[in-house]
Amino acid sequence: MPLRVHDTRRRKKVDFTTIEPGKVRMYVCGITPYSPSHLGHARCYVSFDIVHRWLEAKGYDVTYVQNFTDVDDKIINKANEEGIEFSQVAERNIEDYYSVMDAMNVLRADHYPRVSETIDGIIAMIETLLEKEHAYVGDDGVYFHIESAPEKYGMLTGQNIEAVRAGAGGRVGGTGSGKRDHKDFALWKFAKPDEPQWESPWGAGRPGWHIECSAMSLQYFGEQFDIHGGGEDLRFPHHEAEIFQSECCTGTSPLVHHWMHNGFVNVDGEKMSKSLGNFWTISQAMEQFEPLTLRHALLNAHYRNPIDFSEQFLEDGKRSQGRLEDTYREALLASDGGAAKNLTTLPRPNLGEEGLSHSMGMLEKLAEECAMAMDDDFNTREALAKINAALRQISNTLGNGLGEDDKRAFATYAVEWMEEFAGQALGLLPSRDDALAEPAEDPRRAELAPKVGELLVQRAAAREAKDWPAADAIRDELAALGVTVMDTAEGPVWELD
RNA sequence: GCGUCGGUAGCAAAGCUUGGUUACGCGAUGGACUGCAAAUCCAUUUUACGGGGGUUCAAAUCCCUCCCGGCGCUCCA
């Protein structure tokens, strides 16, 4: 099955091709670690984690590079405020990034280069650009001159340079006073006091914002690579700047074969931003919701479309994720009980039984459809619809009074099915150990347990005596504590709302 | 203004490239189960495709046109 990928430059889905057969070179713009990671980051890196995982599932050898922009105004300002080194601010937020991404089952990239470690490559690239007269040295820095390659303007945004020329004027801001033209952008900024700085042929300073990605991709991949990803907002100017820098430096075009951009996270219909005060860090969201719930919710929309982040959005994710984990646990237990960790593929169930044969057939069909959905520009929403159908199928079949051997074999097949799609491809399954483990004790729950236990004993007595009003009164009392009681065949179970 | 992405049932969100069959989920309603509930399961929720034209045997899907939103054009995933 061919993989189709939406390419921002060509503005349509195209067949995915690689420069080198079987190998994928993928670069995704990483964070500027000046503050803890927010939901926008979660969306971005979960989206590209899906790309990463699916390409590997399809047998590609993927090299995934993601940078950290650890030299930047905001980091420097933060460091100066706190009176610490810029690198300490960066380090702290990079740690936060790793920890929340790990929690959300985001697989690590192969390389995480940092600006502060790529200075030589950056300087070399700027030198070449100066030699080729695509850049010039101004009063306060070195700039890339857009008019030296006007044909590259608007590659990702469709903007027309003539229109921008016409609309120009009075836009040369304070940060770029040495610019010859307002469209030009900084490659190197000369040092100001209290700033980290490195020596260069043009004077001490630090890199401009865009150049590091060009230098890093050149360093790891050479002149061209297969996928470049990032948030929607990076299309312009950042990604277009990369095209200018890299292609003008190497003379090779196109720099990137497939440009991929993920959509935004909005909150209540508005763009999430610090200034609007509707800002959520990932850690904050995780105080209320499990990391995999967050991941599930994010995958419940197509990666290119905007998400409107709301309570409902997460509650839906929680419910779906809960059903997924419940079914997974059920299948694990049915497959081999406690030895489930060491599952091996058992013979297929006896297909002589009609219902079972039908069920297996359904799962095989759903597996195909799921793969097709992922092949269609990573349509996780569609894939989850197929997974839902599979969960229902699995759950029904397991509950349908199969013979013991058939049940175990079917459960094993079901476990493998779920691990292939929900697990490896979408990253939504916990480990087998975690899936089988008792849920971690909620401190609130531990606190309430003695009281609840006592009330449940009283209620059991009332029920035994068929004193329903008394039993219901106790249930109401529990409800007031936020406790929901569920009577099961094994006795009452309770949970906190 | 220029650019770009979108407008799909009560809510939410796939499908549009390659026209012809159901999305999936939430909610609601009914049923099974229960002392009653909860949880779970089953079923129903069908002139769903922004308006208007056009092409076609057939349009959510292709073409034209209009209306309405989001976002980008300054730092942002």
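Numbered from 1 within each chain, the chains take letters A, B, ... in sequence-line order. Values below: every heavy atom of this structure, side chains too, minus hydrogens, waters and symmetry copies. What you see is a predicted model; the values in this text were computed from it and never measured.
Ring geometry for A:Phe221 versus A:Phe225: interplanar angle of 30 to 60°, hence tilted. Aromatic ring pairs are classed by plane angle as parallel below 30°, tilted from 30° to 60° and perpendicular above 60°; the pair A:Phe16 and A:His258 is tilted.
The minimum heavy-atom distance linking A:Phe48 with A:Tyr64 is given by the pair CB-OH, 3.8 Å.
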Atom pairs under 3.5 Å: protein N/O with N/O of nucleotides 29-33 of chain B:
none

Set out, line by line, the N/O atom pairs under 3.5 Å between protein and nucleotides 18-23 of chain B.
{"from": "B:A23", "atom 1": "N6", "to": "A:Arg381", "atom 2": "NH2", "distance (Å)": "3.4"}

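Neither side chain, A:Tyr143 nor A:Asp181, offers a donor N or O lying under 3.5 Å from an acceptor on the other. A:Gln159 and A:Thr157 share a side-chain donor-acceptor pair at under 3.5 Å. A:Thr484 and A:Glu495 share no donor-acceptor pair across their side chains, judged by distance under 3.5 Å alone. Judged purely by distance below 3.5 Å, without hydrogens or angles, the side chains of A:Glu95 and A:Tyr97 never pair a donor atom with an acceptor atom.
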Practice task
Any chance you could lay out the salt bridge (Lys or Arg N to Asp or Glu O under 4.0 Å) test for A:Asp15 and A:Arg4, step after step, and finish with the verdict?
Solution key: CA-CA 5 Å; A:Asp15 283 329; A:Arg4 305 269 299 169; 3.1 Å; yes

Practice task
Applying salt bridge (Lys or Arg N to Asp or Glu O under 4.0 Å), run through A:Arg108 and A:Asp102 and close with a yes or a no.
Solution key: CA-CA 8 Å; A:Arg108 294 279 179 118; A:Asp102 287 349; 2.8 Å; yes

Practice task
Could you go through the salt bridge (Lys or Arg N to Asp or Glu O under 4.0 Å) check for A:Glu91 and A:Arg114 one step at a time?
Solution key: CA-CA 11 Å; A:Glu91 196 56 44; A:Arg114 303 184 186 193; 2.9 Å; yes

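With hydrogens and angles left out, the side chain of A:Arg475 and the base of B:A38 share no donor-acceptor pair within 3.5 Å. One cannot find a donor-acceptor pair under 3.5 Å joining the base of B:G15 and the side-chain atoms of A:Asp376.
Ion pairing of A:Asp72 with A:Arg206 is absent here, as no side-chain N (NZ or NE/NH1/NH2) approaches a carboxylate O to less than 4.0 Å.
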Practice task
List the protein contact pattern of nucleotides 39-45 of chain B with one symbol per nucleotide (5' to 3'): B for base contact, S for sugar-phosphate-only contact, - for none; contact means a heavy-atom distance under 4.0 Å.
Solution key: SSSS---

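Counting only Watson-Crick and G-U wobble pairs whose two distances sit under 3.5 Å, RNA chain B takes part in these stems of three or more pairs: B:1-7 with B:67-73, B:27-32 with B:40-45, B:50-54 with B:62-66.
Looking at the side chain of A:Asn388, the nearest of the listed nucleotides B:G25, B:A14, B:A77 is B:G25.
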What donor-acceptor contacts under 3.5 angstrom involve side-chain atoms of residues 464-482 of chain A, with partners at least two apart or in another chain?
{"from": "A:Asp467", "atom 1": "OD1", "to": "A:Ala470", "atom 2": "N", "distance (Å)": "3.4"}

Distance-only check: which donor-acceptor pairs under 3.5 Å involve side-chain atoms of residues 289-299 of chain A, not counting sequence neighbours?
{"from": "A:Arg295", "atom 1": "NE", "to": "A:Leu426", "atom 2": "O", "distance (Å)": "2.8"}
{"from": "A:Arg295", "atom 1": "NE", "to": "A:Gly427", "atom 2": "O", "distance (Å)": "3.2"}
{"from": "A:Arg295", "atom 1": "NH1", "to": "A:Asp49", "atom 2": "OD2", "distance (Å)": "3.0"}
{"from": "A:Arg295", "atom 1": "NH1", "to": "A:Met104", "atom 2": "O", "distance (Å)": "2.9"}
{"from": "A:Arg295", "atom 1": "NH1", "to": "A:Asn105", "atom 2": "O", "distance (Å)": "3.3"}
{"from": "A:Arg295", "atom 1": "NH2", "to": "A:Asp49", "atom 2": "OD2", "distance (Å)": "2.8"}
{"from": "A:Arg295", "atom 1": "NH2", "to": "A:Leu426", "atom 2": "O", "distance (Å)": "2.8"}
{"from": "A:His296", "atom 1": "ND1", "to": "A:Gln321", "atom 2": "OE1", "distance (Å)": "2.7"}

